Amino acid sequence: MSWFSRKKVPKVPFPTGHPAGEGALRFPSMRPEERVIEPAKVKEAVGLEMPSITEEAPTFAARRPLEESVFPREEQRAALPEATSRSGAARIPSFHPKAEEEPLFVKVDVYQRILGEIESIKTDVSAAFEASKRLETSEYNEEENYTKLKRAIRVIHDRLLQVDKNLFKVQGS
Amino acid sequence: MERMPVFVKIDEYNDVLAVVGSIRKKLDEAKETLLKISDLKNEEDHQLELWQNSLAELEKKVDFINHSLNEPEQF
């Protein structure tokens with residue numbers, strides 16, 4: 001076998017295309033699941049993350065079956081008009097839950113505002129504690145001054161009595 | 001693309017509401033206590049003013065006695 005002999009090309013069969021099916025290039029009919037952000041994640045994102053001892057892992061036991069109520073099934077969706085099926089996502093928040101275990105959904109901006117208010121309340125409470133400490137100190141000083149004043153008045157009273165005694169002392173007694 | 005609102009799930013929000021209610025109650029109590037303290041402070045200020053007036057009167061009388069004993073010719 002010389003170096004310049006003709007290269008052997010292996011016989012590879014050309015790929016045979018197969019016809020695309022009806023649903024091959026379609027987007028999935030199921031819409032993605034509604035995004036639920038847990039409070040801890042929002043705190044992280046907002047930058048208000050604080051270590052909490054009582055923080056537990058989120059449970060999804062009480063979660064409502066959103067997919068069932070919000071997104072109708074394929075056969076139901078076909079029967080619905082376009083507008084109705086698109087506005088289905090707006091029905092997610094329920095601010096009047098009936099059962100006690102049902103979770104509450106609030107908008108992210110409202111939630112962030114609530115977190116901000118809580119932080120501001122914490123600051124106010126700290127300021128109130130400081131003011132209380134200062135008041136305690138000042139009240140202590142006030143007590144001390146009252147005691148001094150009472151002592152001074154008593155001394156004045158005693159001295160006055162002494163002067164009175166001296167001035168009205170009967171001659172010869 | 002349609003903008004979808006994002007919601008945050010709050011579990012056990014009834015507990016949160018109960019805590020907020022108790023905070024409001026405590027806040028009302030604190031306001032009442034502050035009012036009482038304010039009344040007491042006003043009363044205290046009034047008594048202090050009376051005390052100050054009494055001391056001023058006392059000082060005047062002591063001055064009179066002092067002068068009358070030290071410089072009797074002037075009286």
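Computed from a prediction, not measured in an experiment: that's the story for all the values here. Just so you know, these numbers use all the heavy atoms, side chains as well, and skip hydrogens, waters and symmetry mates. Numbers restart at 1 for each chain; the letters A, B, ... are given by sequence-line order, proteins then strands.
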- Message: Nearest 0.5 angstrom please: A:Leu104 CG to B:Glu12 CD, how far?
- Response: 12.5 Å
- Message: Do B:Trp51 and B:Leu58 sit in one hydrophobic cluster, given that two such residues count as connected whenever their side-chain heavy atoms are within less than 4.5 Å of each other, even indirectly?
- Response: yes
- Message: Does any part of the side chain of A:Ile153, heavy atoms only, come nearer than 4.5 Å to the side chain of B:Leu55, both counted from C-beta?
- Response: yes
- Task: Answer yes or no: are there more than 12 heavy-atom neighbours, outside B:Gln52 itself, under 6.0 Å from its atom CD?
- Result: no
- Query: Looking at OH of A:Tyr111 and NZ of B:Lys9, how far apart are the two atoms once the value is rounded to the nearest 0.5 Å?
  - Reply: 12.0 Å
- Is the number of heavy atoms from other residues, nucleotides or ligands within 6.0 Å of CD (A:Glu139) greater than 12? no
- Query: Atom CG of B:Leu27 and atom CD1 of A:Ile121: how far apart are they, to the nearest 0.5 Å?
  - Reply: 9.0 Å
- Query: Under 4.5 Å between side-chain heavy atoms, hopping through other hydrophobics if needed: is there a path connecting B:Phe64 to A:Val163?
  - Reply: yes
- In Å, rounded to the nearest 0.5 Å, how long is the span from CG of A:Leu167 to CD1 of B:Ile65? 7.5 Å
- Message: Apply side-chain contact (heavy atoms from CB on, under 4.5 Å) to residues A:Val110 and B:Phe7 and explain how you reach the verdict.
- Response: CA-CA 9 Å; A:Val110 177; B:Phe7 293 90; over 6 Å; no
- Query: Taking a hydrophobic cluster as the set of Ile, Leu, Val, Met, Phe, Trp and Tyr residues connected by side-chain heavy atoms closer than 4.5 Å, whether directly or through intermediates, do A:Ile114 and A:Phe105 fall within one such cluster?
  - Reply: no
